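Protein chains get the first letters and strands the later ones, always in sequence-line order, with residue 1 at the start of each. All figures in this text were calculated on a predicted structure; none of them were measured in a lab.
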Protein chains: 2
Amino acid sequence: MTTRTEDQQGDAGGERISDAEHAVMEALWKRSPQTAAEVCETVCKDRGWSMPTVKTLLSRLVQKGALATQPDGRRFLYTPLIARSAYVGGESRRLVDRLFGGRAAPLLAHLAQEEALSPDDIAEIERLLQEMKK
Amino acid sequence: MTTRTEDQQGDAGGERISDAEHAVMEALWKRSPQTAAEVCETVCKDRGWSMPTVKTLLSRLVQKGALATQPDGRRFLYTPLIARSAYVGGESRRLVDRLFGGRAAPLLAHLAQEEALSPDDIAEIERLLQEMKK
DNA sequence: CCATTACGATTACACCTGTAATCTGAATAG
DNA sequence: CTATTCAGATTACAGGTGTAATCGTAATGG
């Protein structure tokens with residue numbers, strides 16, 4: 001059973017994580033726990049956000065069960081509840097299911113056509129395949 | 001330059017195509033041109049939609065520049081303006097950029113871990129890589 | 001003890017999306 | 001010529017998303 005109909009990108013809570021929220025998650029996957037201010041430090045630059053925006057996103061992520069909060073005096077420390085690999089795996093599967101009927105090979109073909117594959121990528125993929133076959 | 005900052009999934013119009021809209025596009029990529037009724041024939045079953053829903057999606061897609069209309073008596077014939085390969089390529093690139101820093105190899109690794117790669121897939125990917133190296 | 005700060009919580013609000021019902025005008029049946 | 005039908009257009013409306021301002025409260029400086 002390679003194709004899975006039900007989507008479920010990260011389990012924990014099962015709620016979908018939006019694009020903006022994802023940026024916040026990335027910051028916390030890179031390092032955690034962090035305070036809201038620290039997260040902002042990381043993402044506000046890149047995305048042109050202000051603190052309130054980050055606060056909102058953090059709250060929504062907590063609601064969605066994607067982050068845990070741990071009180072630290074007057075503030076919160078935020079920690080991811082879903083692993084990056086779970087999220088990434090889920091999103092990848094979603095794409096492959098939606099666009100390629102669940103088959104990864106056509107995806108690779110497209111990436112190749114789009115020149116998204118460098119020679120290094122090709123070498124690395126071959127290495128991966130070798131390992132997989134073992 | 002493997003990583004592209006600007007997103008641009010299908011060019012024509014540049015507007016993003018939503019999930020529901022994508023289902024309609026698929027029907028028209030499979031065969032075109034088609035009338036709204038014909039499209040509904042294809043998708044209403046699968047998605048549990050009614051005609052009005054399909055009409056709305058078709059209209060939005062026309063607005064977004066993803067579909068062309070060609071009057072046929074009282075009704076319209078709809079034809080995709082963006083190629084499926086362009087859409088699929090764009091979406092794939094978006095995912096790879098967003099989650100894997102633009103590198104395809106880690107994506108493959110994840111698909112492998114998630115067991116989304118069958119032995120057939122692996123064989124086919126190897127074949128693709130061989131061709132690419134030529 | 002009081003004024004200011006620094007947080008998280010609440011509220012805001014416009015746009016997008018999913019999902020339709022209703023309107024309007026033209027073709028067609030009688 | 002008129003009533004019905006059928007197509008696209010307009011409107012609807014709740015929930016999600018991006019992006020924030022404001023509120024309430026607890027700590028902190030003086």
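With sequence neighbours excluded, no residue satisfies salt bridge (Lys or Arg N to Asp or Glu O under 4.0 Å) with B:Asp72. Looking at residues two or more places apart in sequence or on another chain, you find a side-chain hydrogen bond (donor to acceptor under 3.5 Å, both in side chains) between A:Glu126 and B:Gln130, B:Lys133. Every residue two or more places apart in sequence or in another chain was checked for a salt bridge (Lys or Arg N to Asp or Glu O under 4.0 Å) with A:Glu41, and none qualifies.
Along DNA chain C, read 5' to 3', the first and last nucleotides having any atom under 4.0 Å from a heavy atom of chain A are C:dC7 to C:dA12.
As rounded to whole Å, 15 Å separates atom P of D:dG15 from atom CZ of A:Arg60. Atom CG of B:Asp72 and atom P of D:dC6 are 16 Å apart (whole Å). Taking atom CG of B:Leu61 as the reference point, atom P of D:dG8 lies 14 Å away to the nearest angstrom. Atom-to-atom, CD of A:Glu15 to P of D:dT17 comes out at 9 Å; the value is rounded to the nearest Å.
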Please list, for nucleotides 2-4 of chain D, all pairs of protein and nucleotide N/O atoms separated by less than 3.5 Å.
none

Check nucleotides 25-30 of chain D for protein N or O atoms closer than 3.5 Å to its own N or O atoms and list the pairs.
from   : atom 1 : to      : atom 2 : distance (Å)
D:dA27 : O3'    : A:Arg74 : NH1    : 2.9
D:dT28 : OP1    : A:Arg74 : NH1    : 3.4

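One N or O on the side chain of A:Gln34 and one on the backbone of A:Ala27 form a donor-acceptor pair closer than 3.5 Å.
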Can you give each donor-acceptor pair under 3.5 Å made by side-chain atoms of residues 44-57 of chain A, sequence neighbours left out, with the distance rounded to 0.1 Å?
from    : atom 1 : to      : atom 2 : distance (Å)
A:Thr56 : OG1    : A:Pro52 : O      : 3.0

Pairs of donor and acceptor atoms involving the side chains of residues 74-82 of chain B, under 3.5 Å and at least two apart or interchain, shall be tabulated with distances.
none

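Scanning both residues, A:Asp97 and A:Gly102, for their nearest heavy atoms gives OD1-CA, 3.3 Å. Here the closest heavy-atom approach between residue B:Leu111 and residue A:Ala104 is recorded as CD1-CB, 3.7 Å. When all heavy atoms of B:Lys64 and B:Arg16 are compared, the closest pair comes out as NZ-O, 2.8 Å.
Listed by first and then second residue, the disulfide (SG to SG under 2.5 Å) pairs involving residues 54-90 of chain B amount to none (not counting sequence neighbours). Annotation: disulfide (SG to SG under 2.5 Å) contacts involving residues 71-111 of chain A, sequence neighbours excluded, are absent. For residues 26-37 of chain A, the salt bridge (charged side-chain N to carboxylate O under 4.0 Å, His left out) pairs, not counting sequence neighbours, are A:Glu26-A:Arg84.
Of the residues in residues 20-56 of chain A, those with a non-hydrogen atom less than 4.0 angstrom from any atom of DNA chain C are A:Ala36, A:Lys55.
Taking the side chain as every heavy atom from C-beta outward, A:Leu108 and B:Glu124 never approach each other to under 4.5 Å.
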